[in-house]
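Sharing a structure, written as C-alpha cells. Questions coming.
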Amino acid sequence: MESTGCPGGPEGMKIIVRVEKRMSTAGSIGRGVLAGIGGTAVMTAFQKVVEMPLTGRADSYAPAEAAESLLPTRTASPQSRKRLNYLVHFALGGMWGAAYGVAASAGLRGQKAVHAVFVTVYTGDVLLNTASGLYQPKQWSAQDWAIDIVDKYVQAQATGAVFDRFIDPTRPS
C-alpha cells in the first residue's frame, strides 16, 4: 500500500492507493496443490477418528488399486502397499487442490469455489474410476454413497479453508 499527499488538498490529507498483484495461474495451482495436501490430511484424520469408528469401515486401498491398475507398479508387501496407498491418496488430494487453485485464479473463492470444485472433481472422480473398472457405484449401498460423498466433501471444505485462510489469506474469499 502506498500513501501520497493530496495535491491541492488540505495539508496532511493522504490518498491511499492499494495495489493488488494478481497471482499467476501457475502460482495459484501450486498453492492449491499444497492446500489439497493439507485438506487430505484433514480428511484422513476425519476418516480415522470419526467416520471409520462410526461406520465400522476398514481402511480403503482404492488409491493403491488405482495406481496398480493404471501404472506398471506392484507392491511386494503389505507395508509397501500401505505406503503406495498414502502416496496416491495425498497425490489425488493435491490434484483436488490444484482444481481449487484454478477456481481461485478465475476469481472464485470461499464456498462458491469449494462447491464448484467439489461437484466438478467428485463427478469426474466417480466417472473416471467407474470407466476404469475401479468403482462399481451401481452396487454401492446408500451408506457407501454417503461415506464417499461426506469424506470427499470434508476434503473439499478443508482444502478451501487451508487455501483461503493459510496459504493465500490476503485475497478476498
Is there a path of hydrophobic side-chain contacts, each under 4.5 Å between heavy atoms of I/L/V/M/F/W/Y residues, joining Leu54 to Val49?
yes
Shortest non-hydrogen contact from Leu71 toward Arg74:
O-NH1, 3.8 Å
Could you grab the distance from atom CG of Leu70 to atom CG of Leu134, nearest 0.5 Å is fine?
6.0 Å
Heavy-atom count around Arg57 CZ within 6.0 Å, excluding the residue itself: above 12?
yes
Can you check whether Ile147's main-chain N or O pairs, donor with acceptor, with Glu51's side chain at less than 3.5 Å?
no
Does Phe90 belong to the same Ile/Leu/Val/Met/Phe/Trp/Tyr cluster as Val117, with side-chain heavy atoms less than 4.5 Å apart forming each link?
no
Mind running side chain to side chain donor-acceptor pair (under 3.5 Å) on Tyr100 and Asp164 for me, showing each step along the way?
CA-CA 10 Å; Tyr100 192 91; Asp164 290 341; 2.6 Å; yes
Thr159 to Gly39 - nearest heavy-atom pair and separation
OG1-CA, 3.6 Å
Say whether, by atom type as modelled, one donor and one acceptor occur between the side chain of Ser69 and the main chain of Ala66 under 3.5 angstrom.
yes
Which heavy-atom pair separates Met52 from Ala58 by the least distance, and what is that distance?
CE-C, 3.5 Å
Arg81 and Asp59: salt bridge (Lys or Arg N to Asp or Glu O under 4.0 Å), yes or no, with the steps?
CA-CA 12 Å; Arg81 186 168 192 235; Asp59 283 331; over 6 Å; no
Decide whether Met95 and Ile37 are clustered together by the hydrophobic rule: side chain heavy atoms of Ile, Leu, Val, Met, Phe, Trp, Tyr closer than 4.5 Å, transitively.
no
Nearest 0.5 Å please: distance from the OG atom of Ser77 over to the CZ atom of Arg83.
6.0 Å
Hey, which of Leu84, Asn85, Leu87 is the one that makes side chain to side chain contact (heavy atoms under 4.5 Å, CB included) with Pro63?
Asn85
Quick one: does any side-chain atom of Thr123 pair with a main-chain N or O of Thr120 as donor and acceptor, under 3.5 Å?
no
Working note: Gln143 + Thr55, criterion side chain to side chain contact (heavy atoms under 4.5 Å, CB included); need CA distance, chi angles, decisive distance, verdict.
CA-CA 9 Å; Gln143 181 177 349; Thr55 63; 3.5 Å; yes
Rounded to the nearest 0.5 Å, what separation is found between the CG atom of Asp125 and the OG1 atom of Thr130?
8.5 Å
Grouping I, L, V, M, F, W and Y whenever their side-chain heavy atoms are under 4.5 Å apart, do Val114 and Trp96 come out in a common cluster?
yes
Got a second to check how far Tyr135's OH is from Glu65's CD, nearest 0.5 Å?
10.0 Å
Heavy-atom closest contact (Tyr61 atom, Lys82 atom, distance)
CE2-CA, 4.0 Å
Are Val50 and Val42 connected into the same hydrophobic cluster when the rule is that any two of I, L, V, M, F, W, Y join if their side-chain heavy atoms are below 4.5 Å apart?
yes
If you look at every heavy atom in Leu108 and Ala116, which pair is closest and at what distance?
CD1-CB, 4.1 Å
Report the C-alpha separation of Val102 and Ser105 in whole Å, then their side-chain angles, then the decisive distance to 0.1 Å, and conclude whether the side chain to side chain contact (heavy atoms under 4.5 Å, CB included) test is met.
CA-CA 5 Å; Val102 169; Ser105 182; 5.6 Å; no
Taking the inter-plane angle between the rings of Phe118 and Tyr153 on a 0 to 90° scale, is it parallel (under 30°), tilted (30 to 60°) or perpendicular (over 60°)?
perpendicular
Distance, nearest 0.5 Å, that separates OG1 of Thr44 from CG of Asp151:
9.0 Å
Looking at Met43 and Val154, what are the two nearest heavy atoms and their distance?
CA-CG1, 4.1 Å
